[in-house]
Amino acid sequence: MSETEWKLSSRDLESLYLQNEDTYPTETYLLQRQVERSILKIEHDKLRGEDRLNRDEHREYLHQSLQQLPTSYQALDASQPWLCYWIVHALDLLGDKPTEEEAKGIVEHLSSCQSPHGGFGGGYGQVAHLATTYAAVCALCIVGTPEALQVIQLDKLYNWILSLKNEDGSFRVTEQGESDVRGLYCALAVAYICGLLTHELVENCSTYISSLQSFDGGLGGEPFNEGHGGYSYCGFAALCILNEYWQATENQSVPHSLDIKRLQFWVINRQLELEGGFQGRVNKLVDSCYSFWQGGLIALIDYWIRKHSQSDQVSFKFSGEDLERYLLRYCQCRGGGFRDKPGKPRDLYHTCYALSGLSVAHQNLKESRSSLLPKINYLVNIRVERWEFAAAYFGNKNSLTS
Ligand SMILES: CC(C)=CCC/C(C)=C/CC/C(C)=C/COP(=O)(O)OP(=O)(O)O
Ligand SMILES: [Zn+2]
């Protein structure tokens with residue numbers, strides 16, 4: 001029996017319901033039991049290989065995906081720049097890159113996603129969106145050639161981003177779209193990479209970010225929402241970008257009212273002991289993508305605290321070993337790619353963020369690892385070298401790389 005067939009039967013589910021008659025078991029509770037059984041099964045049947053990164057298999061999976069995507073990706077048609085970014089960033093972390101022909105195809109395709117009014121959309125003339133713009137700009141920086149970087153029309157990009165800004169410091173993701181911290185983060189991350197940060201663009205942003213802190217200590221997507229890893233990463237990374245801008249222009253830290261110690265307490269408690277990976281929010285399931293959203297957030301908080309206390313001590317407050325185990329033992333798929341959790345199929349999003357999380361874990365591990373991955377600029381999730389090249393190309397002086 002394969003590990004994915006180790007599902008709870010309807011009889012198992014029924015008995016779980018009966019055992020929990022007084023406290024009706026939620027779907028999340030049942031799914032968690034399912035994951036625990038999968039993990040026991042992997043351990044019991046020694047279904048796992050060594051906890052080693054199977055670089056070649058991942059590379060093959062990624063190159064294959066560049067050539068021909070499985071039909072299951074049709075639903076992501078509006079996210080083509082994301083697909084490009086997930087693939088090229090994952091390859092970059094593995095020390096590989098697209099072939100010349102693949103790179104040419106990516107640059108041409110992303111160029112066709114650029115709106116004549118600035119920003120990038122999903123492809124085929126779809127309206128520009130801040131998230132696909134972030135993905136396209138990052139992917140072009142990772143390809144890293146001057147031909148790739150010159151695709152970005154900076155003046156139009158700046159005016160378009162500014163046109164999406166709301167008075168309270170948040171950003172709409174499209175002209176008619178919703179406003180949440182993803183919009184704000186993508187706007188600032190793109191402006192940070194391209195050297196387009198201005199006073200007008202950053203005004204009120206830190207007040208909006210501060211308004212996102214939930215009673216649990218994490219940041220929600222909008223004011224009064226529960227804390228969530230994806231949004232907490234976006235909010236704090238954006239605050240760090242603002243801080244870079246303030247340091248460079250005002251020679252002081254960005255004013256804000258976030259309780260960073262409470263955010264740190266919240267995020268370090270999102271790593272669960274049994275699996276070793278991170279959950280996105282309280283009482284939800286561990287998922288490999290939070291290895292980056294939560295792991296990267298911990299790294300950024302650590303740098304913030306170090307910087308503000310003038311200490312050189314790096315001490316990411318999570319277990320890099322446990323995280324590495326979750327990713328390599330339970331989420332790494334045979335034939336390449338990573339999955340969200342045992343029992344799920346591999347996909348490109350989780351492959352990108354599992355590898356990004358593994359890079360964060362490796363920065364936290366003292367002893368050397370055979371699978372050591374290169375370091376990321378945690379503010380934008382591209383390799384430090386790619387950031388430096390782009391920053392130099394765009395003449396951006398506000399650089400933070402470590
Ligand atoms: C740069 C950028 C655009 C970043 C996006 C950040 C990000 C991952 C946000 C999370 C979105 C969200 C509501 C997930 C909850 O899904 P769920 O309820 O299925 O998952 P959960 O149970 O793990 O909370
Ligand atoms: Zn996920």
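One-based numbering, in listed order, for ligands and for the atoms of each.
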*Asks:* For atom 24 (O) of ligand 1, grab the closest protein heavy atom and report residue, atom and distance to one decimal in Å.
*Replies:* R281 NE, 2.6 Å
*Asks:* For the residue pair D347 / Y73, report whether a side-chain donor-acceptor contact shorter than 3.5 Å exists.
*Replies:*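 Per modelled atom types, Y73 and D347 side chains form no pair under 3.5 Å.
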*Asks:* Does atom 19 (O) of ligand 1 have any protein heavy atom closer than 4.0 Å?
*Replies:*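 Protein heavy atoms within 4.0 Å of atom 19 (O) of ligand 1 - there are none.
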*Asks:* If you measure from SG on C205 to CG on L188, what distance do you get to the nearest 0.5 Å?
*Replies:*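 The SG atom of C205 sits 5.0 Å away from the CG atom of L188.
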*Asks:* Could you tell me whether some N/O pair between K284 and ligand 1 is separated by less than 3.5 angstrom?
*Replies:* yes
*Asks:* Side chains of H89 and D92: donor-acceptor distance under 3.5 Å anywhere?
*Replies:*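 No.
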*Asks:* Exactly one of W266, Y233, F318, Y326 should register a ring pair (Phe, Tyr, Trp, His ring centres under 6.0 Å) with F278. Which one does?
*Replies:* F318
*Asks:* Suppose I only count heavy atoms of Y185 and a 4.0 Å limit; which atoms of ligand 1 are within that range?
*Replies:*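 In order of numbering, the contacting atoms are 1 (C).
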*Asks:* Just one of Q279, R37, E275, K284 clears the side chain to side chain donor-acceptor pair (under 3.5 Å) bar with Q32, so which one?
*Replies:* E275
*Asks:* Quick check on contacts: which atoms of ligand 1 are under 4.0 angstrom from a heavy atom of Y349?
*Replies:* 8 (C)
*Asks:* Under 4.0 Å from a heavy atom of Y290: give me the atoms of ligand 1 that qualify, with their elements.
*Replies:* 20 (O), 21 (P), 23 (O), 24 (O)
*Asks:* How close does the nearest protein non-hydrogen atom get to atom 8 (C) of ligand 1, and which residue and atom is it?
*Replies:* W293 NE1, 3.5 Å
*Asks:* Is there a donor in the side chain of N166 and an acceptor in the side chain of R172, or the other way round, less than 3.5 Å apart?
*Replies:* yes
*Asks:* Identify, for atom 10 (C) of ligand 1, the protein heavy atom at the shortest distance, and state residue, atom and that distance.
*Replies:*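 Looking only at protein heavy atoms, the one closest to atom 10 (C) of ligand 1 is H228 CE1, 3.6 Å.
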*Asks:* Could you tell me how the ring of Y349 sits relative to the ring of Y353: parallel (under 30°), tilted (30 to 60°) or perpendicular (over 60°)?
*Replies:*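 The rings of Y349 and Y353 sit tilted, inter-plane angle from 30° to 60°.
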*Asks:* For the residue pair Y192 and W387, categorise the inter-ring angle as parallel (less than 30°), tilted (30 to 60°) or perpendicular (more than 60°).
*Replies:* parallel
*Asks:* Does Y233 reach ligand 1, in the sense of a heavy atom lying below 4.0 Å from it?
*Replies:* no
*Asks:* What pairs with H228 under side chain to side chain contact (heavy atoms under 4.5 Å, CB included), at least two apart in sequence or on another chain?
*Replies:* Y231, R281, Y290
*Asks:* Let me know which of R346, H58, R339, R52 forms a side chain to side chain donor-acceptor pair (under 3.5 Å) with Q332.
*Replies:*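 So, applying the side chain to side chain donor-acceptor pair (under 3.5 Å) to Q332 and each of R346, H58, R339, R52, only H58 qualifies.
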*Asks:* For atom 7 (C) of ligand 1, which of G230, A131, C234 has the closest heavy atom?
*Replies:* G230
*Asks:* Return the set of protein N, O or S atoms whose distance to the Zn ion (ligand 2) is under 2.8 Å, each given as residue and atom.
*Replies:* D287 OD1, D287 OD2, C289 SG, H350 NE2
*Asks:* To the nearest 0.1 Å, how far is atom 11 (C) of ligand 1 from its closest protein heavy atom, and which atom is that?
*Replies:*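 So the nearest neighbour among protein heavy atoms is Y231 OH, 3.8 Å.
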*Asks:* Can E203 and K165 be counted as an ion pair, charged N to O under 4.0 angstrom?
*Replies:* no
*Asks:* Measure from NZ or CZ of R59 to the centre of the six-membered ring of Y61 and say whether it is under 6.0 Å with the direction within 45° of the ring axis.
*Replies:*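 Cation-pi check for R59 and Y61: fails.
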*Asks:* Contact between ligand 1 and Y353 is defined here as a heavy atom of the residue under 4.0 Å from a ligand atom; is it met?
*Replies:* no
